[in-house]
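Accompanying notes for the structure given below.
The basis for the numbers below is simple: all heavy atoms, side chains too, and nothing from hydrogens, waters or symmetry mates.
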Amino acid sequence: MRLRQRGSMQETGVNILNVVIGDSSGRSRPDACPGALQVHAAADGGLARIRVPGGRLTSAQLGEVADAASDCGTGVIELTSRANVQVRGLGGGSRFAARMADAGLLPSATHERVRNILASPLTGCDTEGTLDAGPLVTELDLRLCGTPALAALPGRFLFALDDGRGDVAWLGPDAGILPTGPGEAALILAGADSGLRVPAGSAVTALLTAAEAFLTEPAVEQARAWRIGELPGCAERVAAAVEAALETRSAAPARLSRAVTRREPVGIVEQPGGRAALGVAVPLGRLTSAQARLLADLASGGEARLTPWRGVVLPGLTPGEAAAARALVEEAGLVTDPGSPWTGVTACTGRPGCAKSLADVQADATRATTSTTRTGTLPVHWAGCERRCGRPRGRVADVVATAAGYRVDLDGRSLECADIEETAAVVTALRGET
């Protein structure tokens, strides 16, 4: 990362900096993303990440994750921006992976780290989407795990199945689809419209073909690149491979906009047939085992859906069940009010879980958020170092820990803050004005 000073705010004496994030290609080692089997040695113990295609868990699976997190780790469950789950503090010989396999959450030992599949969380729950992405998630996961060569995909490679509402197509997938008309979908590559239109019935084939084409790139074979967007011209080469394989067609010259719209489902969402879904925001994406067990028990529809905004959706409830569940989860410290200051606030692990972190960002973010009742549409991400792990896509106010305090970055400018009180005031002002 390079920092270029642009000037100063004379009335406050705070420097304004322009932040330029460098290219991440040209690596010299394989991707080391954790999984259920490949556990990362964090400062607070073993860290396991369980891929949850489409964010879909049965109530029994969520309950087992809750119990295993308590029995094998610290009891903390982290929700990720890819709608996966992480469990921290695992000790050696914990049998955590075996328990996940028994719960049906580890169907392939060879492909477990490449099952990164986003899907619209409310797909099939309302009338906003133009197709139900659920069956496509199942098909993609089965075919992905059934293709031996695709086990070589980096653990960062991301698929996305948008049902037409535009909520996950622009979250930076390497390969995704977005319905554009009856029986047709745009192929999204490296987070942008590739210009190709594929039959909806061939959507999964298009995504798998894109992944296979990516693996033929020399930089990928040499473990120097993990994402399509890291390689100049790669998206165009992958698109050409898909076009040739499917004998599909290019779109009109005007391509779809890559505007990122935050659509975090929070609160009660009416479903057809007199049912309802309850969207739950999880402060900083961290669930205790007790909170996760509660959500599992409340998932009377048999399913809980994780969202890329680190929340949970409980679909298929009666209106009475939704109202009762809302009261219970609020009492447990979770959020169902879309106007809560917690919506849109994320954070990395920070101290003491991460040795690279310069601050306990979880505690500081909690202190700053609970000190105000103001909210806004601007997302805020608290990071313990310049890596900014877990940062969401789109326009975000970055609150980055430094040796001297925190620095708040937004729109190419930065404000250096001396303490948490000043940082909280800056963040609150930005959210209230933006």
Is the closest side-chain heavy-atom distance between [X] and [Y] below 4.5 Å?
X      : Y      : result
Val380 : Thr346 : no
Pro315 : Cys125 : yes
Pro283 : Thr366 : no
Leu171 : Leu118 : yes
Ile188 : Trp170 : yes
Arg56  : Val137 : no
Leu106 : Ile50  : no
Arg351 : Asp364 : no

Which pairs, with at least one residue in [range] and sequence neighbours excluded, count as a salt bridge (Lys or Arg N to Asp or Glu O under 4.0 Å)?
range            : result
residues 136-155 : Arg115-Asp141, Glu139-Arg143
residues 304-330 : Glu303-Arg305
residues 286-295 : Asp67-Arg293, Glu78-Arg286, Arg293-Asp297

Is there a donor-acceptor pair under 3.5 Å between the side chain of [X] and the backbone N or O of [Y]?
X      : Y      : result
Asp398 : Val400 : no
Asp132 : Pro135 : no
Glu217 : Ala213 : no
Asp162 : Ala169 : yes
Thr349 : Gly353 : no
Thr402 : Ala404 : yes
Thr123 : Ser120 : no
Arg113 : Cys33  : yes
Ser340 : Asp337 : no
Thr307 : Val312 : no

Output yes when [X] and [Y] qualify as a salt bridge under the 4.0 Å nitrogen-oxygen rule, no when they do not.
X      : Y      : result
Arg413 : Asp411 : no
Glu386 : Arg407 : yes
Asp174 : Arg156 : no

* Asked: Residues two or more places apart in sequence or in another chain: which of them pass salt bridge (charged side-chain N to carboxylate O under 4.0 Å, His left out) with Arg387?
  -> none
* **Results of salt bridge (charged side-chain N to carboxylate O under 4.0 Å, His left out) for Glu270 - residues two or more places apart only** => none
Taking side-chain contact (heavy atoms from CB on, under 4.5 Å) as the definition, give me every residue that meets it alongside [X], ordered by chain and number, with sequence neighbours left out.
X      : answer
Ser289 : Ala69, Ser70
Thr369 : Pro341, Trp342, Val345
Asp44  : Ala42, Arg88
Pro179 : Thr130, Leu131

* Check the pair Val76, Leu287 against side chain to side chain contact (heavy atoms under 4.5 Å, CB included), reporting the backbone distance first and the verdict last. => CA-CA 6 Å; Val76 173; Leu287 288 167; over 6 Å; no
Which atoms form the tightest heavy-atom contact between [X] and [Y], and what is the distance?
X      : Y      : result
Arg395 : Pro379 : O-CD, 3.4 Å
Ile268 : Ala276 : CG2-CB, 4.1 Å
Arg165 : Leu122 : NH2-O, 3.4 Å
Pro173 : Arg227 : C-NH2, 4.2 Å
Ala68  : Met100 : CB-CE, 3.8 Å
Ala97  : Ala36  : CB-O, 3.6 Å

What distance do [X] atom [atom1] and [Y] atom [atom2] have between them, rounded to the nearest 0.5 Å?
X      : Y      : atom1 : atom2 : value
Ile420 : Thr423 : CD1   : OG1   : 5.0 Å
Ile177 : Leu136 : CD1   : CG    : 5.5 Å
Glu421 : Asp419 : CD    : CG    : 4.5 Å
Thr336 : Leu314 : OG1   : CG    : 11.0 Å
Cys234 : Ile228 : SG    : CD1   : 5.0 Å
Glu212 : Thr205 : CD    : OG1   : 9.5 Å

* ring-ring contact (aromatic ring centres under 6.0 Å, His included): pairs with one or both residues in residues 369-388, sequence neighbours excluded -> Trp382-Tyr406
* Taking only residues at least two apart or on different chains, which pairs with a member in residues 280-305 satisfy ring-ring contact (aromatic ring centres under 6.0 Å, His included)? -> none
* Structure fact -> With sequence neighbours left out, the residues meeting ring-ring contact (aromatic ring centres under 6.0 Å, His included) with Phe157 are Phe159, Phe214
* **Leu142 vs Leu140, side chain to side chain contact (heavy atoms under 4.5 Å, CB included): CA-CA, chis, key distance, verdict** => CA-CA 6 Å; Leu142 287 172; Leu140 177 57; over 6 Å; no
* List the steps, then state whether side chain to side chain contact (heavy atoms under 4.5 Å, CB included) holds for His40 with Arg49. => CA-CA 9 Å; His40 171 66; Arg49 182 177 301 157; over 6 Å; no
* To do: List the steps, then state whether side chain to side chain contact (heavy atoms under 4.5 Å, CB included) holds for Ile77 with Thr288.
  => CA-CA 6 Å; Ile77 299 165; Thr288 65; over 6 Å; no
* Are a donor atom and an acceptor atom from the side chains of Glu112 and Ser108 found within less than 3.5 Å of each other? -> no
